[in-house]
Amino acid sequence: LNTALGRSAAWLILLAVIISAVNAIVRKAFDSSSNVWLEMQWYLFGAVFLTCAAWTLIANEHIRIDIVSNLYSRRTRSRIELFGHLFFLLPMTIVMIVTTYPFFVRSFLENEQSSNAGGLPLYPAKFLILLGFVLLFLQAVSEIIKRVAMMRGVIEERVGGGHHDMAEAEAQRLKEALEAEAAKKLEDAANAARISKAPQ
């Protein structure tokens, strides 16, 4: 669920960039702007940040102090992760869900609107906060289960991984492909030169 939502929500970055660029061009060229477009940009950014947080946790891309973490054994690292998930991440998500639910419901029932002229309604943005922490709560439960399974040896521990490592691997693959293509072109050129110099 979180992977599918994260991958879909990531495309909103492109939409935010397009809206930002068009808004800037219209403002400079025609000296005209609208609060709708300005607010839409931070709506989209908020949607990406909140709905992709759980996906980041799945991909093992969340912030940790790797220099310190790498000093410990795998078992100790697993215990630290489990402790952090149980006593920091999970309680924080529960507190945020409990506090943002009435925050959103009140805004929805009142049809709360932006204080800026021509702005957007506020309750969808407040719903995104609630949604983001519900997704993070579900992922926290999943990570706790996986961490216990890793400590019991049922599944293998994830070391590194995530989007950064995938991007690095893809960059390395492209580099090797380009080097192979360049080497082939040089070889073809050398063969062509030998053929042209050969006696007829």
Side-chain angles (χ1 to χ4, degrees), residues 1-16 39 41-110 112 120-171:
L1 172 68
N2 280 324
T3 300
L5 285 173
R7 285 179 176 161
S8 300
W11 285 99
L12 296 178
I13 295 171
L14 176 61
L15 184 57
E39 291 184 4
Q41 291 171 50
W42 66 260
Y43 262 50
L44 292 169
F45 174 78
V48 171
F49 180 83
L50 290 163
T51 54
C52 289
W55 185 33
T56 302
L57 189 58
I58 295 170
N60 207 25
E61 288 285 345
H62 53 291
I63 296 172
R64 62 158 66 87
I65 306 172
D66 287 331
I67 297 171
V68 176
S69 177
N70 290 336
L71 297 175
Y72 300 114
S73 67
R74 286 188 177 184
R75 190 163 186 81
T76 304
R77 285 200 304 267
S78 289
R79 286 175 177 167
I80 292 168
E81 291 269 338
L82 183 60
F83 180 84
H85 291 332
L86 279 171
F87 296 102
F88 292 98
L89 178 59
L90 201 61
M92 184 269 294
T93 57
I94 292 169
V95 167
M96 290 304 294
I97 290 167
V98 169
T99 55
T100 55
Y101 178 74
F103 182 64
F104 157 68
V105 170
R106 192 180 311 115
S107 178
F108 177 75
L109 293 175
E110 293 173 0
E112 187 179 5
L120 295 169
L122 291 179
Y123 60 86
K126 292 183 178 181
F127 172 73
L128 285 171
I129 300 170
L130 177 61
L131 175 65
F133 282 102
V134 167
L135 295 174
L136 199 54
F137 168 80
L138 294 173
Q139 195 56 46
V141 173
S142 174
E143 293 301 316
I144 288 166
I145 293 167
K146 285 187 279 190
R147 189 56 57 182
V148 171
M150 287 174 197
M151 291 172 71
R152 290 183 174 179
V154 177
I155 61 174
E156 288 185 18
E157 182 182 4
R158 293 174 300 171
V159 180
H163 309 305
H164 178 74
D165 286 356
M166 285 190 287
E168 289 286 336
E170 180 63 12

Nearest heavy atoms of [X] and [Y], plus distance in Å:
{"X": "A9", "Y": "V48", "result": "O-CG2, 3.3 Å"}
{"X": "H85", "Y": "I144", "result": "CB-CG1, 3.6 Å"}
{"X": "L12", "Y": "A47", "result": "CD1-CB, 3.8 Å"}
{"X": "K146", "Y": "I155", "result": "O-CD1, 3.7 Å"}
{"X": "L82", "Y": "M151", "result": "CD2-SD, 3.9 Å"}

N/O donor to acceptor pairs below 3.5 angstrom from side-chain atoms of residues 88-101, sequence neighbours left out:
unit_1	atom_1	unit_2	atom_2	d
T93	OG1	L89	O	3.3
T93	OG1	L90	O	2.7
T99	OG1	V95	O	2.9
T99	OG1	M96	O	3.2
T100	OG1	M96	O	2.5

Practice task
Side-chain contact test, heavy atoms from C-beta onward, threshold under 4.5 Å: evaluate it for L86 versus R147 and give yes or no.
Solution key: no
Handout entry: pair L14-W11: side-chain heavy atoms closer than 4.5 Å
Key =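 With C-beta onward as the side chain, the pair touches.
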Practice task
Begin from the C-alpha positions of L135 and Q139 and carry the test side chain to side chain contact (heavy atoms under 4.5 Å, CB included) through to its verdict.
Solution key: CA-CA 6 Å; L135 295 174; Q139 195 56 46; over 6 Å; no
Can you tell me how far [atom2] of [Y] sits from [atom1] of [X], rounded to the nearest 0.5 angstrom?
{"X": "R77", "Y": "I80", "atom1": "CZ", "atom2": "CD1", "value": "9.0 Å"}
{"X": "L57", "Y": "S142", "atom1": "CG", "atom2": "OG", "value": "8.5 Å"}
{"X": "L50", "Y": "L128", "atom1": "CG", "atom2": "CG", "value": "6.5 Å"}
{"X": "E81", "Y": "T76", "atom1": "CD", "atom2": "OG1", "value": "12.0 Å"}

Practice task
Could you label the plane-to-plane angle of the F127 and F104 rings as parallel, tilted or perpendicular, counting under 30° as parallel and over 60° as perpendicular?
Solution key: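 Tilted: the ring planes of F127 and F104 meet at 30° to 60°.
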Problem - Geometric class of the F49/F45 ring pair [parallel <30°, tilted 30-60°, perpendicular >60°] - result: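 Geometry flag for F49 against F45: parallel rings.
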Completion exercise
Residues at least two apart in sequence or cross-chain that pass side-chain hydrogen bond (donor to acceptor under 3.5 Å, both in side chains) with S107, listed by chain then number, are E112
Handout entry: For A16, all residues meeting side chain to side chain contact (heavy atoms under 4.5 Å, CB included), sequence neighbours excluded
Key =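 Result, side chain to side chain contact (heavy atoms under 4.5 Å, CB included) vs A16: L44.
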